[in-house]
Amino acid sequence: MAYRVCFVCTGNICRSPMAESVFRARVAEAGLGGLVEADSAGTGGWHEGDGADPRTVAVLDEAGYGTAHTARRFRSSWFSHLDLVIALDSGHLKALRRLAPTEEDAAKVRLLRSYDPAAGDLEVPDPYYGGPEGFEECLEMVEAASDGLLAAVRAHVEGRTV
């Protein structure tokens with residue numbers, strides 16, 4: 001059974017699809033494609049059915065990442081099928097922990113930047129109301145944290161297969 005990770009932001013059109021795309025690429029590069037699955041969602045349903053924000057798509061395309069995406073809202077019932085739920089900021093972290101049906105499920109929720117040892121601030125700011133530079137900064141933060149996240153996930157996956 002694959003190790004399942006879901007990235008969550010507000011509307012699932014900026015930060016979480018960016019994190020999902022970057023992490024999928026890291027997983028593929030590491031040769032863990034059949035062992036780790038990545039997905040994303042939003043805490044709200046305002047953009048359900050929409051694609052990623054065009055600025056997210058532009059930044060991902062420029063960096064060589066995939067951009068296929070359809071926004072959706074996170075459901076508390078998903079916790080039972082997920083191993084790790086990655087929040088992009090502390091507001092998402094709190095909202096997701098409140099949605100968690102059990103303490104065990106709440107413990108699955110972590111901040112993405114907690115996997116970046118160089119990060120002082122653990123928030124990935126929402127770039128939605130700004131210009132392209134905010135999306136570029138967001139991508140840099142996501143990329144920096146994705147290596148540490150991959151190392152943590154790899155340790156769980158290798159522990160399962162041993």
Side-chain angles (χ1 to χ4, degrees), residues 1-45 52 56 59-60 63-127 137-162:
M1 187 164 157
Y3 188 91
R4 300 185 68 198
V5 180
C6 186
F7 297 90
V8 182
C9 70
T10 305
N12 193 217
I13 60 168
C14 298
R15 294 171 284 178
S16 59
M18 188 181 290
E20 175 189 354
S21 183
V22 170
F23 190 67
R24 278 183 194 265
R26 294 291 194 277
V27 165
E29 290 165 7
L32 298 173
L35 300 173
V36 178
E37 294 176 4
D39 202 350
S40 66
T43 57
T56 296
V59 167
L60 288 171
Y65 295 106
T67 56
H69 176 72
T70 303
R72 61 204 188 121
R73 184 178 187 177
F74 189 89
R75 309 278 186 235
S76 64
S77 61
W78 296 0
F79 275 104
S80 65
H81 305 301
L82 294 169
D83 296 289
L84 196 55
V85 180
I86 302 295
L88 277 289
D89 69 28
S90 59
H92 307 132
L93 180 83
K94 290 174 189 165
L96 289 163
R97 286 187 174 161
R98 280 193 306 267
L99 273 178
T102 67
E103 288 296 319
E104 182 179 277
D105 289 327
K108 295 177 183 179
V109 184
R110 306 276 171 75
L111 283 168
L112 176 62
R113 291 198 74 202
S114 68
Y115 293 94
D116 178 0
D121 181 1
L122 298 184
E123 305 286 308
V124 177
D126 189 350
E137 180 184 21
C138 182
L139 180 60
E140 290 172 12
M141 291 177 182
V142 165
E143 287 178 324
S146 291
D147 293 331
L149 174 58
L150 179 65
V153 168
R154 181 193 298 268
H156 284 287
V157 168
E158 289 176 352
R160 283 185 177 182
T161 59
V162 172

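Keep in mind that what you see is a predicted model, and the values were worked out from it rather than measured.
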Please round to the nearest 0.5 Å and tell me the distance separating atom [atom1] of [X] and atom [atom2] of [Y].
| X | Y | atom1 | atom2 | value |
| --- | --- | --- | --- | --- |
| Leu139 | Cys14 | CG | SG | 12.5 Å |
| Ser114 | Ile86 | OG | CD1 | 6.5 Å |
| Leu93 | Leu111 | CG | CG | 4.5 Å |
| Cys6 | Arg72 | SG | CZ | 6.0 Å |
| Leu112 | Phe23 | CG | CZ | 9.5 Å |
| Leu122 | Met141 | CG | CE | 10.5 Å |

Closest non-hydrogen atom pair, [X] against [Y]:
| X | Y | answer |
| --- | --- | --- |
| Val109 | Ala87 | CG1-CB, 4.4 Å |
| Val22 | Ser146 | CG1-OG, 3.4 Å |
| Glu20 | Ser40 | OE1-OG, 2.6 Å |
| Leu84 | Val153 | CD2-CG2, 4.2 Å |
| Thr43 | Ala95 | CG2-CB, 4.3 Å |
| Ala100 | Ala106 | CB-N, 3.4 Å |

So, the side chain of [X] versus the backbone of [Y]: is there a donor-acceptor pair under 3.5 Å, distance only?
| X | Y | result |
| --- | --- | --- |
| Glu123 | Ser90 | yes |
| His92 | Asp89 | yes |
| Arg26 | Asp147 | no |
| Ser80 | Ser77 | yes |
| Arg24 | Ala38 | yes |
| His69 | Asn12 | yes |
| Asp83 | Arg4 | yes |

List the steps and the verdict of side chain to side chain contact (heavy atoms under 4.5 Å, CB included) for Trp78 and Val85. CA-CA 10 Å; Trp78 296 0; Val85 180; over 6 Å; no

Evaluate Arg15 against Thr10 for side-chain hydrogen bond (donor to acceptor under 3.5 Å, both in side chains), listing each step before the verdict. CA-CA 8 Å; Arg15 294 171 284 178; Thr10 305; 3.3 Å; yes

For the CD atom on Glu29, are there more than 12 heavy atoms of other groups (residues, nucleotides or ligands in this structure) within a distance under 6.0 Å?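 It does: Glu29 CD has more than 12 such atoms within range.
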
Check the pair Tyr65, Met18 against side chain to side chain contact (heavy atoms under 4.5 Å, CB included), reporting the backbone distance first and the verdict last. CA-CA 9 Å; Tyr65 295 106; Met18 188 181 290; over 6 Å; no

Parallel, tilted or perpendicular: which one describes the rings of Phe74 and Phe79, with boundaries at 30° and 60°?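 Answer is perpendicular, since the angle exceeds 60°.
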
Evaluate the criterion side chain to side chain contact (heavy atoms under 4.5 Å, CB included) for residue pair Leu32 and Tyr3; output intermediate values, then yes/no. CA-CA 10 Å; Leu32 298 173; Tyr3 188 91; over 6 Å; no

